[in-house]
Amino acid sequence: KQEVTQIPAALSVPEGENLVLNCSFTDSAIYNLQWFRQDPGKGLTSLLLIQSSQREQTSGRLNASLDKSSGRSTLYIAASQPGDSATYLCAVVYNQGGKLIFGQGTELSVKP
Amino acid sequence: GAVVSQHPSRVICKSGTSVKIECRSLDFQATTMFWYRQFPKKSLMLMATSNEGSKATYEQGVEKDKFLINHASLTLSTLTVTSAHPEDSSFYICSARTSYEQYFGPGTRLTVT
């Protein structure tokens, strides 16, 4: 069964700290992996998309890595800010045009 | 960038009535749209895949007669919750796909009283 797991489920850090969110997937034959942000009561905002042939993607203070062989991805957030507080979801697609399979999300709280 | 809208953003209805939620891709055409349901503190659960001009494909355990999906054009898909009950109260999110990515709507909060 193709499953996506995110650890931890919740994380609280002081402002300014660098942090890492983890995502693992059971079947390594993915097509791509995507990280999303969801604010309470809102839809999803795409943060980074990594194709299966790529090892990482960067956008501002965010860096996402992909290790297909181990079935893992990490989202690194540098110099965290209170505005980064949200739920972060990772999702994988196993073939072009396939459906997104989501992890449970990590609820991040950055304290000022 | 690609924008997906949903209407309404919030709706409260009485038990037994039907509610329609619209999902529109504003600046691109989407041959495929998706409908998700999200419970509090939980991840998104895919309900169905909607293809323009054809019948939707429902995930296992989702009642197609309960959740009617129509994808009438390349920019519009609708989800109708028929004979709604309090257990249908949830956050419904749609998504539209381009060749490369899926873009998500802002969600619709449905409350059935």
Side-chain angles (χ1 to χ4, degrees), chain A residues 1-12 21-25 30-54 57 59 64 85-109, chain B residues 1-11 21-26 28 30-52 56-60 62 89-111:
Chain A
K1 185 180 179 183
Q2 295 166 335
E3 293 183 341
V4 179
T5 304
Q6 289 185 247
I7 295 173
L11 179 65
S12 181
L21 307 181
N22 297 292
C23 173
S24 61
F25 40 95
I30 64 170
Y31 179 73
N32 65 41
L33 181 145
Q34 205 163 351
W35 282 93
F36 295 90
R37 169 182 173 143
Q38 185 177 30
D39 292 288
K42 305 292 183 183
L44 274 65
T45 300
S46 179
L47 298 174
L48 291 164
L49 171 68
I50 310 177
Q51 299 293 346
S52 62
S53 59
Q54 297 173 322
Q57 283 283 347
S59 175
S85 298
T87 296
Y88 291 81
L89 294 151
C90 80
V92 301
V93 173
Y94 281 97
N95 47 71
Q96 187 175 12
K99 58 187 181 183
L100 283 164
I101 300 175
F102 282 90
Q104 309 94 315
T106 293
E107 187 175 358
L108 174 65
S109 175
Chain B
V3 177
V4 176
S5 70
Q6 279 184 244
H7 179 80
S9 58
R10 290 178 178 271
V11 57
I21 303 170
E22 291 187 349
C23 176
R24 293 182 184 271
S25 56
L26 297 185
F28 65 99
T31 54
T32 304
M33 290 185 173
F34 303 87
W35 286 96
Y36 296 84
R37 182 173 181 176
Q38 187 176 34
F39 294 99
K41 301 285 188 179
K42 299 292 184 183
S43 190
L44 279 71
M45 180 190 80
L46 180 64
M47 299 174 66
T49 302
S50 167
N51 292 296
E52 186 265 339
T57 302
Y58 290 81
E59 295 298 303
Q60 190 173 9
V62 178
S89 299
S90 192
F91 192 56
Y92 293 87
I93 304 177
C94 75
S95 171
R97 185 167 66 196
T98 66
S99 300
Y100 304 104
E101 282 189 58
Q102 273 185 236
Y103 298 91
F104 287 79
T108 296
R109 172 72 60 192
L110 170 64
T111 303

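In this text, all values refer to a predicted model and were calculated from it rather than measured experimentally. So that the names make sense, note that chain A is the first sequence line, chain B the second, and so on, each numbered from 1.
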Of all the heavy-atom pairs spanning B:Q102 and A:F36, show the shortest one and how long it is.
-> O-CE2, 4.5 Å
Pick one of side chain, backbone, both or neither for A:L100, based on which atoms fall under 4.5 Å of a heavy atom in chain B.
-> both
Is the side chain of B:R97 donor-acceptor paired with the backbone N or O of A:G98 at a distance under 3.5 Å, no angle test?
-> yes
Non-hydrogen atoms of chain B under 4.5 Å away: do they reach the side chain of A:L44, the backbone, both or neither?
-> both
Residue A:Q6 versus chain B: region with a heavy atom under 4.5 Å = neither
Applying a strict 4.5 Å limit to non-hydrogen atoms, the region of B:Q38 in contact with chain A is side chain
Rounded to the nearest 0.5 Å, the CZ atom of B:F91 sits from the CD atom of A:Q38 at a distance of 6.0 Å
Is there a donor-acceptor pair under 3.5 Å between the side chain of B:S43 and the backbone N or O of A:G103?
-> yes
Taking all heavy atoms of A:K42 and all of B:I93, pick out the closest pair and write down the distance.
-> O-CD1, 4.5 Å
